[in-house]
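Both counts, for ligands and for their atoms, begin at 1 and track the order of listing.
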Amino acid sequence: MQFTVAIDGPAAAGKGTIARGIADRFGFAHLDTGLLYRAVGRRTLDGTPAAIAASTLRLRDIARTDLRTPEVSDAASKVAANPEVRSALVAFQRDFATREGGAVLDGRDIGTVICPEAHVKLFVTASAEVRAHRRWLELVEAGHDTSEADVLRDVEARDARDSVRAEAPLRAADDALLLDTSTLTIDEALDKAAGAVQTVLESRT
Ligand code: DC
């Protein structure tokens, strides 16, 4: 069976948690596509030109454990605006999306560009303040010394860059289900998302 779930939305809206939860519940494979851009951004910090970093990306680059720092977030957001980088990463994502057994991909352009034919499309969002608070808690827990105000500024800067770029800007697909997680618990958000997936799966049998 091929079944693709596309989950898009801004940073720290909860799409990664929802994507992993959907993958667990339904036994689908999961790809966090932000890791591809983070791995390319990381390699540019080491001196590799962005287009070369993207076209020679290996699985071990994505498995690095240093891809979640603010420095790499910033580099990822910059390389994500580069059309050569984006096109070098398309085939890998589409192959993943059409694998047997079902796949969940989360990112910014999955429902609009990578998988416009996805069976389920979700656009997960939350207010900038709520997202900055969540990201700040994650960073503090990981031992980073940063203020909530700085994280909010970063979140807003990245939102602006991701939304206004010419190439695959962040936006909801016309047929995406909007899920605002600002006032939802993780379980509530996941239940809503899983309900949407279940409905489409049942309609196919
Ligand atoms: O989801 P994230 O924070 O790990 O994403 C890192 C950066 O990559 C972010 O600035 C947006 C960009 N990105 C993108 O342009 N397209 C995707 N499908 C996934 C991420």
Side-chain angles (χ1 to χ4, degrees), residues 4-23 29-45 50-51 53-54 57 61-97 103-116 118 121-126 128 130-139 142 144 146 151-173 176 179 181:
T4 308
V5 181
I7 305 184
D8 292 303
K15 60 186 186 308
T17 306
I18 291 173
R20 278 190 301 277
I22 296 282
H30 170 228
L31 178 65
D32 169 359
T33 64
L35 281 181
L36 303 175
Y37 295 91
R38 286 176 179 274
V40 173
R42 174 70 258 173
R43 291 187 71 196
T44 65
L45 294 174
L57 202 67
D61 295 317
I62 304 165
R64 286 175 67 144
T65 54
D66 58 355
L67 299 180
R68 299 257 170 228
T69 65
E71 192 191 20
V72 175
S73 296
D74 194 57
S77 173
K78 286 179 182 148
V79 300
N82 179 329
E84 280 182 276
V85 168
R86 301 202 73 85
S87 66
L89 300 176
V90 168
F92 178 81
Q93 295 175 84
R94 288 197 179 140
D95 282 351
F96 191 95
V104 187
L105 290 84
D106 69 276
R108 302 294 191 287
D109 62 340
I110 308 303
T112 50
V113 176
I114 303 295
C115 306
K121 295 181 189 175
L122 300 175
F123 192 82
V124 180
T125 184
V130 166
R131 291 185 289 115
H133 184 67
R134 290 175 184 162
R135 189 45 59 91
W136 175 72
L137 287 177
E138 280 171 15
L139 289 168
H144 295 281
T146 177
V151 178
L152 177 59
R153 248 193 315 276
D154 283 356
V155 161
E156 287 175 337
R158 282 215 291 150
D159 280 358
R161 201 150 53 208
D162 292 342
S163 307
V164 303
R165 68 180 178 221
E167 197 73 18
L170 172 66
R171 68 169 184 85
L179 187 54
T181 66

Inset, instruction - Would you please test Ser77 and Arg161 for side chain to side chain donor-acceptor pair (under 3.5 Å) and show each step? - result: CA-CA 7 Å; Ser77 173; Arg161 201 150 53 208; 2.9 Å; yes
Inset, instruction - Test Asp61 against Arg64 for salt bridge (Lys or Arg N to Asp or Glu O under 4.0 Å), laying out the working first. - result: CA-CA 6 Å; Asp61 295 317; Arg64 286 175 67 144; 5.3 Å; no
Inset, instruction - Compute the shortest N/O to N/O distance between Gln93 and ligand 1 and return yes if it is under 3.5 Å, no if not. - result: no
Legend entry - Nearest non-hydrogen protein atom, atom 1 (O) of ligand 1: Arg108 NH1, 2.9 Å
Inset, instruction - Just need the protein heavy atom nearest to atom 7 (C) of ligand 1, so name the residue and atom and give the distance. - result: Ala76 CB, 3.8 Å
Inset, instruction - Distance to 0.1 Å, residue and atom name: give those for the protein heavy atom nearest to atom 8 (O) of ligand 1. - result: Tyr37 CB, 3.4 Å
Inset, instruction - Indicate yes or no: does an N/O atom of Asp109 lie under 3.5 Å from an N/O atom of ligand 1? - result: yes
Legend entry - Pair Asp109 + Arg86: basic N to acidic O under 4.0 Å: yes
Legend entry - Between CD1 on residue Ile18 and CG on residue Leu179, distance to nearest 0.5 Å: 5.0 Å
Legend entry - Closest approach of Leu57 to Ala39 (non-hydrogen atoms, all atoms of both residues): CD1-CB, 3.9 Å
Inset, instruction - Look at ligand 1 and say whether Arg165 reaches it with a heavy atom at a distance under 4.0 Å. - result: yes
Inset, instruction - Number the atoms of ligand 1 from 1 as they appear, then name those within less than 4.0 Å of a heavy atom of Ser77, with their elements. - result: 10 (O)
Inset, instruction - Please identify which atoms of ligand 1 are closer than 4.0 Å to at least one heavy atom of Gly34. - result: 4 (O), 5 (O), 19 (C), 20 (C)
Inset, instruction - Considering the heavy atoms of Asp162, write down every atom of ligand 1 situated less than 4.0 Å from one of them. - result: 9 (C), 10 (O), 11 (C)
Inset, instruction - Measure the distance from atom 12 (C) of ligand 1 to every protein heavy atom, then report the residue, atom name and distance (to 0.1 Å) of the closest one. - result: Ala80 CB, 3.7 Å
Inset, instruction - State whether the shortest distance between N or O atoms of Thr33 and N or O atoms of ligand 1 falls below 3.5 angstrom. - result: yes
Inset, instruction - Would you give the length of the straight line joining atom CZ of Arg38 to atom CG of Asp74, rounded to the nearest 0.5 angstrom? - result: 10.5 Å
Legend entry - All side chain to side chain donor-acceptor pair (under 3.5 Å) counterparts of Arg153, not counting sequence neighbours: Asp150
Inset, instruction - State plainly whether the residues Arg131 and Asp159 are in salt-bridge range, i.e. N to O under 4.0 Å. - result: yes
Legend entry - Arg86-ligand 1 polar pair, N/O distance under 3.5 Å: yes
Legend entry - Geometric N/O contact Arg38 with ligand 1, under 3.5 angstrom: yes
Legend entry - Lys15 side chain vs Pro10 backbone, donor-acceptor pair below 3.5 Å: yes
